[in-house]
Amino acid sequence: MIRKIISQALQTMKVHMGEIIRKLVEEKNIPRNKIASCINTVESYLYKIYNKEEVRIGHLINMSPLLNFNLLEPYFELEELKGIEGSQWNTMKRQLEEYQKALTKSENENKKSDMIMDYNKRLVKENEELKERNTRYEIIINELQSKENSAMGEESGKAITDEKNYTMRRGKRSKK
């Protein structure tokens with residue numbers, strides 16, 4: 001019933017709701033995938049909506065919070081619709097307000113999630129940098145230990161050689 005009245009009213013006013021939606025989407029620079037997801041459809045279907053003179057009321061209600069514009073508002077002023085029972089309009093207005101609140105809450109949660117993801121990415125990057133530094137330090141430590149062991153080995157070998165020489169010299173003295 002309401003749909004038929006709205007359709008007739010739009011025809012008499014020559015209002016093209018799809019065009020209004022397209023202009024709002026462009027004006028607010030909202031990604032097509034975001035609009036499509038709010039009405040549970042694919043992006044390609046949006047072009048069909050943009051070309052329609054009338055759009056499903058459910059789509060209007062769902063898109064309104066995202067567009068930050070009450071898409072039902074043009075209908076409230078139509079003479080043909082003034083005879084509709086006020087409670088129906090109030091119900092639709094209340095639904096729209098609920099959707100707007102839910103959208104705002106969802107956007108806030110998305111912002112928080114984005115911040116957490118950015119923080120986690122930074123932590124992962126810092127962790128990778130620390131691992132890389134740690135690997136470089138381990139290489140340097142191993143090289144230093146290797147040089148130290150090599151130097152100790154040379155000293156040890158020299159000490160053994162010195163002791164042999166001393167023993168040999170001593171042995172020669174005792175023979176005399």
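In what follows, residues are counted from 1 in the order of the sequence shown. Computed from a predicted model, the values in this text were never measured in an experiment.
- Among residues two or more places apart in sequence or in another chain, the side chain to side chain donor-acceptor pair (under 3.5 Å) test is passed with Glu26 by Arg22.
- In this structure, CD on Glu129 lies 7.0 Å from CD on Glu126, to the nearest 0.5 angstrom.
- Remark: Thr41 pairs with Ala36, Ile39, Tyr45 by the side chain to side chain contact (heavy atoms under 4.5 Å, CB included) rule, at least two apart or across chains.
- Asn51 places a side-chain N or O within donor-acceptor distance of the main-chain N or O of Tyr47, the cut-off being under 3.5 Å.
- Around atom NZ of Lys101, no more than 12 heavy atoms belonging to other residues, nucleotides or ligands sit under 6.0 Å away.
- When all heavy atoms are compared, the tightest approach of Leu66 to Ile30 is O-CD1, 3.3 Å.
- Remark: Arg133 pairs with no residue by the salt bridge (Lys or Arg N to Asp or Glu O under 4.0 Å) rule, at least two apart or across chains.
- Within the structure, the salt bridge (Lys or Arg N to Asp or Glu O under 4.0 Å) test picks out no pair touching residues 57-70 (sequence neighbours left out).
- Within the structure, salt bridge (Lys or Arg N to Asp or Glu O under 4.0 Å) contacts touching residues 58-70 (residues at least two apart or in different chains) do not occur.
- In this structure, the side chains of Ile49 and Ile35 stay at 4.5 Å or more apart for every pair of heavy atoms.
- For the side chain to side chain donor-acceptor pair (under 3.5 Å) test, no residue two or more places apart in sequence or in another chain qualifies with Glu107.
- Distance check: Cys38 SG to Leu67 CG gives 7.0 Å after rounding to the nearest 0.5 Å.
- Rounding to the nearest 0.5 angstrom, the gap separating the NE2 atom in His59 from the CG atom in Asn40 is 9.0 Å.
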Please tabulate, one pair per line, all N/O donor-acceptor pairs under 3.5 Å involving side-chain atoms of residues 135-142, not counting sequence neighbours.
unit_1	atom_1	unit_2	atom_2	d
Thr135	OG1	Lys131	O	2.9
Asn142	ND2	Glu138	O	3.3

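- Taking CG from Asn68 and CD from Glu27, the interatomic distance works out to 10.5 Å, rounded to the nearest 0.5 Å.
- The CD atom of Glu19 lies 10.5 Å from the CG atom of Leu24; values are rounded to the nearest 0.5 Å.
- Applying the salt bridge (Lys or Arg N to Asp or Glu O under 4.0 Å) test to pairs two or more places apart or on separate chains, those with a residue in residues 29-42 are Arg32-Glu43.
- To the nearest 0.5 Å, atoms CE (Met115) and CG (Asn110) are separated by 13.0 Å.
- Other members of the hydrophobic cluster containing Tyr119, listed by chain and number, are Leu123; membership follows side-chain contacts under 4.5 Å among ILVMFWY residues, whether direct or relayed.
- If you chain together hydrophobic residues whose side chains sit under 4.5 Å apart, Val42 and Tyr50 fall into the same group.
- In terms of the salt bridge (Lys or Arg N to Asp or Glu O under 4.0 Å) criterion, Glu128 has no residue partners (sequence neighbours excluded).
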